[in-house]
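Working notes, beginning with the structure itself.
Remember, it's a predicted structure, so these values are computed and weren't measured experimentally.
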Amino acid sequence: MSQRLNIDLLRTFHAVARFRSFKEAANHVHRSASTITTQIHKLEALVGQKLFNRNNQGVELTMYGKKLLTETTDFLKSHDRLLASLTPQRMQGRIRLGLPDSYAAAFMRDFLPMLIADNPLLELEVDARSSGELFAMFSRKQVDLALVVSAQPLEQGERLGDIQPVWVVAEHFKPPEQSPLPIAVQLTGCPYRESAVRALKEHGIYYRIMLESASSPAVEACVLSGLAVGMIEESRMTAGLTRTIPGVALPDLAVHHLYLLSDSSNHLALHLHEQVKVGFSI
């Protein structure tokens, strides 16, 4: 393999890997589809391996393509952040940020005032949704950054840490004697919902979904009212909640991972990436 890899070729490679489409990658990096094809061929010639397989749905990474993506992700991010750090400035302009619905209130209360105080000309558009929806929105370029929770490691984005979800109930909750255990969950797209339902089924626990909602505050209010069992990050336990459910032993929930996805071609997104990474915590 050549001792030198062109940054532009790597950026094009990452764009194709992200969008699984030469056409969409071309739109993303503002070049023609033919130019993208030529660049991928040049990169394949440099590394001496085929990086993508074409199919009816688009393109898929080969095994070597996945290896190259993993090994160059941190390198490309470090390169872009270095460029951003060499031109320090206040953030100015419009940026779109996606947040899990359950984190939105803390973000607005604890982080946003400091961010705006340091960057008064920043225009921030925040979209609060489930992690599954946010990942899809980032892939479709509908947000510039997205903070997402995933049960599995992701090929893209920066992993900020691990999160332990736990079962919780209101302190005055009384489990039903014979009827199924009532649980409150977010709609499909919430990783905790999928983990919880899978754990309950695997351990043969009789349950019913008493409430499902796109609104995390609505789900948490239902749990606090004593009507159902819910899930929350261990770090977000509040007064009135307990992990002890009288007469019920629930299986532990799997550890999840917190990722910050950023558009590496957007310098404003790179600046905000560093601000969120350092200044916002769950």
Side-chain angles (χ1 to χ4, degrees), residues 1-86 96 98 131-160 189 191 256-274 277:
M1 189 171 96
S2 171
Q3 292 183 350
R4 294 184 180 182
L5 283 177
N6 185 291
I7 291 294
D8 287 339
L9 297 184
L10 283 179
R11 199 181 303 283
T12 296
F13 165 68
H14 277 253
V16 177
R18 171 181 169 185
F19 295 110
R20 300 293 195 265
S21 164
F22 278 69
K23 182 179 179 180
E24 290 190 33
N27 292 333
H28 181 68
V29 298
H30 308 294
R31 288 177 176 163
S32 67
S34 61
T35 299
I36 296 301
T37 300
T38 298
Q39 288 188 315
I40 293 301
H41 286 162
K42 285 183 179 179
L43 184 58
E44 288 179 331
L46 278 173
V47 301
Q49 297 285 344
K50 188 177 181 181
L51 300 175
F52 294 102
N53 289 319
R54 294 177 181 268
N55 55 46
N56 293 334
Q57 286 72 43
V59 295
E60 295 290 337
L61 286 164
T62 63
M63 291 299 295
Y64 193 88
K66 292 179 180 179
K67 181 175 183 291
L68 183 64
L69 182 69
T70 299
E71 294 182 349
T72 58
T73 294
D74 288 340
F75 166 74
L76 195 57
K77 286 191 294 187
S78 297
H79 171 272
D80 292 336
R81 287 175 192 161
L82 175 60
L83 288 182
S85 68
L86 293 177
R96 302 165 300 173
S131 288
E133 290 177 297
L134 293 173
F135 187 84
M137 290 177 69
F138 180 77
S139 298
R140 294 193 297 263
K141 300 184 292 184
Q142 294 174 326
V143 291
D144 304 303
L145 297 91
L147 197 65
V148 301
V149 175
S150 175
Q152 305 296 329
L154 300 180
E155 290 184 351
Q156 56 184 301
E158 181 173 5
R159 183 171 163 225
L160 301 185
H256 286 58
H257 315 289
L258 181 64
Y259 283 87
L260 182 56
L261 310 175
S262 302
D263 181 354
S264 62
S265 66
N266 184 327
H267 284 278
L268 189 57
L270 290 174
H271 280 289
L272 184 55
H273 179 111
E274 293 305 310
K277 176 183 174 182

Rounded to the nearest 0.5 Å, what separates atom [atom1] in [X] from atom [atom2] in [Y]?
| X | Y | atom1 | atom2 | value |
| --- | --- | --- | --- | --- |
| Leu61 | Asn53 | CG | CG | 9.0 Å |
| Leu76 | Leu69 | CG | CG | 10.0 Å |
| Leu154 | Leu258 | CG | CG | 10.0 Å |
| His267 | Ser265 | NE2 | OG | 8.5 Å |
| Leu10 | Leu46 | CG | CG | 9.0 Å |

Can you find a heavy atom in the side chain of [X] that is under 4.5 Å from one in the side chain of [Y]?
| X | Y | answer |
| --- | --- | --- |
| Thr12 | Arg31 | yes |
| Glu60 | Asn55 | yes |
| Leu147 | Leu160 | yes |
| Asn6 | Phe13 | no |

Per the salt bridge (charged side-chain N to carboxylate O under 4.0 Å, His left out) rule, what does the pair list look like for [range], sequence neighbours excluded?
| range | result |
| --- | --- |
| residues 44-57 | none |
| residues 61-76 | Lys67-Glu71, Asp74-Lys77 |
| residues 142-152 | Arg96-Asp144 |

So, using side chain to side chain contact (heavy atoms under 4.5 Å, CB included) as the criterion, who are the partners of [X] when residues are at least two apart?
| X | value |
| --- | --- |
| Gln156 | Arg18, Phe135, Phe138, Leu261 |
| Arg159 | Asp162, His257, Tyr259 |
| Lys42 | Leu9, Thr38 |
| Ala151 | Ser195, His256 |

Kindly write out the residues that satisfy side-chain hydrogen bond (donor to acceptor under 3.5 Å, both in side chains) with [X], not counting sequence neighbours, or none if the list is empty.
| X | value |
| --- | --- |
| Glu155 | none |
| Thr70 | none |
| Ser262 | His273 |
| Thr72 | His14 |

Phe22: ring pair (Phe, Tyr, Trp, His ring centres under 6.0 Å) partners, not counting sequence neighbours
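None.
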
Run the side chain to side chain contact (heavy atoms under 4.5 Å, CB included) test on Leu68 and Leu43 for me, step by step, so that the C-alpha distance in whole Å, both residues' side-chain angles and the decisive distance to 0.1 Å come before the verdict.
CA-CA 11 Å; Leu68 183 64; Leu43 184 58; 4.2 Å; yes

Indicate yes or no for a side-chain donor-acceptor contact from Ser150 to the backbone of Pro153 under 3.5 Å, with no hydrogens or angles considered.
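No: the side chain of Ser150 does not pair with the backbone of Pro153.
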
Where is the tightest heavy-atom contact between Val149 and Ser131, given as atom of each residue plus distance?
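Shortest heavy-atom contact: N-OG, 2.9 Å.
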
Ala269 and Asp263: which non-hydrogen atoms are nearest, and at how many Å?
CB-O, 3.8 Å

